[in-house]
Amino acid sequence: MVNDNSDKTSKDKWDSNRKSKLGLVFWASTIIILVAAIFAAAIPESFQTGSEALYAWIANYFSWFFMIAVFGFAVFLLFLALSPYGRIKLGGDQSKPEFSFRSWIGMLFSAGLGVGLVFFGVAEPMSHYMVSPFLGGETESVEAARMAMGYSFFHWGISQWSIFGVAGLAIGYNQYRKQKDGLVSTSLEPLLGSDYNKKARKTIDILAVIATVTGMATSVGLGILQMDGGLNIAYGIPSGPLTQIILTALMTGLFILSTTTGLKRGIKWLSNLNMLLAAVITIFVMAVGPFTFIMESIIVGLGDYLSNYVGYSLRMQPYSGEVWVQEWTVFYWAWVIAWSPFIGSFVARVSRGRTIREYVLGILIIPPMLSFIWIGALGGTAIYSDLFNGTNIGVLVLEDDTAALFALYDQLPMTQILSALSILLIFTFLVTSADSATFIVAGMTSGNTEAPATRLKIIWGVLIGTLTVTLIIAGGLTSLQAASLLAGLPFGVVLIAMIASVSKSLRREPNEAMKRRVRKAQKES
């Protein structure tokens, strides 16, 4: 019996590698990414200038598109969850979830929000506290603190996860309900036809790969910059390109170790570790910080977020000429859209067997609430320190936002331990995200989305690390932001097409809930 299982495992691995054929999607996306990395490394100043011009052009002319599209994504998902369509499973009618609820949430949280949330958890509320989101708005006051928390909740709430949710729903429905592959191009078949143009298919998949890699490079870049700054502040380690390259290389090495253990062991174990570290840091800060202030800030921030959700979602600044929305909200939405092929594919992979209702409500409620607690605990403590204790965390954040988290720790006990835990958390988030992203990209570029070859995952991990380092050296955050906007714009159109596609498929579902609705309508007529 053991020999039979061993033979079967060997055969599965052989079949998996045989299916992982490299074609146009792999070579075209690899060449484009390598060319971008080479240009960034060879002419960093010109690359930075071009990045700034590109960022300004997209933000000036297409901000409206990002704002209305993301608002529409959330409305669409909530409609599905509350409708009878919510009873349909991402899989067969008798399928069961593959992962436990806790592990599922841990993987969603780690893959979707980890690095960015650690980076912006203190930096964003303190930035809004120092510079008002509204023209002529208050700064460094009680009202400014309240506005800062409410807007930070908005940026890390339902809107972000609705982007991931749309991509994951379309991919997961086709992959597990309709038993097709998990490619983005395949998810558009209900809309374009099963035999639609092969060139169009390849173009869509190449776009998905490039969007995933640039979105991942942005996230890894933010994490590397923050670790670089944290090591310098907490331990006096010299900050600069050499440290950033070493950190990226170390991350890539650990990712390779993780990816060889497989999804269920490697990513699952690291995701649970991420949740544990984040919980320890949050609980400690709440215990030694202003606990009552933190809890009240979370409650007030949640209320402000819910009451201003529509207004913030559709807010533009055409009359004042200000660019705050472009610099914050539009960048966030473009960055998340660039992530969405990866996160969408990944959440589809770990959500197999769950109903659409459970899937939607899970991703739109639980990860955002965990984010609110993190922002409320750390960002709230930083605001309290400046507001009532006269510290200068906000000033330090405006000078260098990578220092935000560690500037807060200087005001708390056990600074060195907290700094070490946070650097470890950032690092494990990076490894988890890279592990997950390369799993998905390897599947996209080989056509084997269930079990891509390990060698492909390693190749893409190295490419992501290389692109990250060159973008950081070429222009830092500006280059990372430009890359996200450039990838996010065309893929935003693809997401809209994915909504139309999955909607068309759902209307054809022979689901019992649909039948009951039809009978009820017939009876009433």
Between [X] and [Y], is any pair of side-chain heavy atoms under 4.5 Å apart?
X      : Y      : answer
Met149 : Val300 : no
Val166 : Ser340 : no
Phe154 : Asn308 : no
Pro190 : Val502 : no
Leu90  : Leu169 : yes
Leu489 : Phe66  : yes

**Request:** Please step through side chain to side chain donor-acceptor pair (under 3.5 Å) for the pair Asp205 and Ser185, ending with a clear verdict.
**Result:** CA-CA 6 Å; Asp205 287 331; Ser185 59; 2.7 Å; yes
Can you measure from [atom1] ([X]) to [atom2] ([Y]) and round to the nearest 0.5 angstrom?
X      : Y      : atom1 : atom2 : value
Leu370 : Met275 : CG    : CE    : 5.0 Å
Leu188 : Ile204 : CG    : CD1   : 5.0 Å
Ser371 : Gln160 : OG    : CD    : 7.5 Å
Thr468 : Gln244 : OG1   : CD    : 11.0 Å
Thr186 : Leu192 : OG1   : CG    : 11.0 Å

**Item:** Worked check of salt bridge (Lys or Arg N to Asp or Glu O under 4.0 Å) between Glu98 and Arg349
**Value:** CA-CA 9 Å; Glu98 183 177 0; Arg349 172 68 181 82; 2.9 Å; yes
**Prompt:** When you look at NZ of Lys180, are more than 12 heavy atoms from neighbouring residues, nucleotides or ligands closer to it than 6.0 Å?
**Reply:**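 More than 12 within 6.0 Å, yes.
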Is the backbone N or O of [Y] less than 3.5 Å from a side-chain atom of [X], with the two atoms forming a donor-acceptor pair by type?
X      : Y      : result
Arg357 : Ser83  : yes
Gln226 : Val118 : yes
Tyr359 : Ala81  : no
Thr30  : Trp27  : no

If you take all heavy atoms of [X] and [Y], which pair is closest and at what distance?
X      : Y      : value
Glu509 : Ile88  : CG-CD1, 3.6 Å
Gly116 : Trp156 : C-CH2, 3.4 Å
Ile496 : Ala69  : CD1-CB, 4.5 Å
Ala382 : Val122 : CB-CG1, 3.9 Å
Ala167 : Leu495 : CB-CD2, 3.8 Å

**Prompt:** Hey, mind stepping through Lys89 and Glu358 against salt bridge (Lys or Arg N to Asp or Glu O under 4.0 Å) and telling me if it holds?
**Reply:** CA-CA 9 Å; Lys89 285 189 174 183; Glu358 184 180 11; over 6 Å; no
**Item:** Identified ring pair (Phe, Tyr, Trp, His ring centres under 6.0 Å) counterpart of Phe120 within the set Phe153, Tyr332, Trp374
**Value:**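 Of the listed residues Phe153, Tyr332, Trp374, the ring pair (Phe, Tyr, Trp, His ring centres under 6.0 Å) partner of Phe120 is Tyr332.
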**side-chain contact (heavy atoms from CB on, under 4.5 Å) assessment of Trp328 paired with Glu124** = CA-CA 9 Å; Trp328 282 96; Glu124 180 171 357; 3.7 Å; yes
**Request:** Let me see the working for Tyr173 and Leu506 under side-chain contact (heavy atoms from CB on, under 4.5 Å), right down to the final yes or no.
**Result:** CA-CA 9 Å; Tyr173 177 84; Leu506 288 173; 3.7 Å; yes
**Request:** Would you confirm whether the ring centroid of Tyr305 sits within less than 6.0 angstrom of the ring centroid of Tyr312?
**Result:**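 Ring-ring flag for Tyr312/Tyr305: false, centres at least 6.0 Å apart.
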**Prompt:** What do the steps show when you test Thr445 against Trp460 for side chain to side chain donor-acceptor pair (under 3.5 Å), and what is the final call?
**Reply:** CA-CA 10 Å; Thr445 52; Trp460 282 111; 3.2 Å; yes
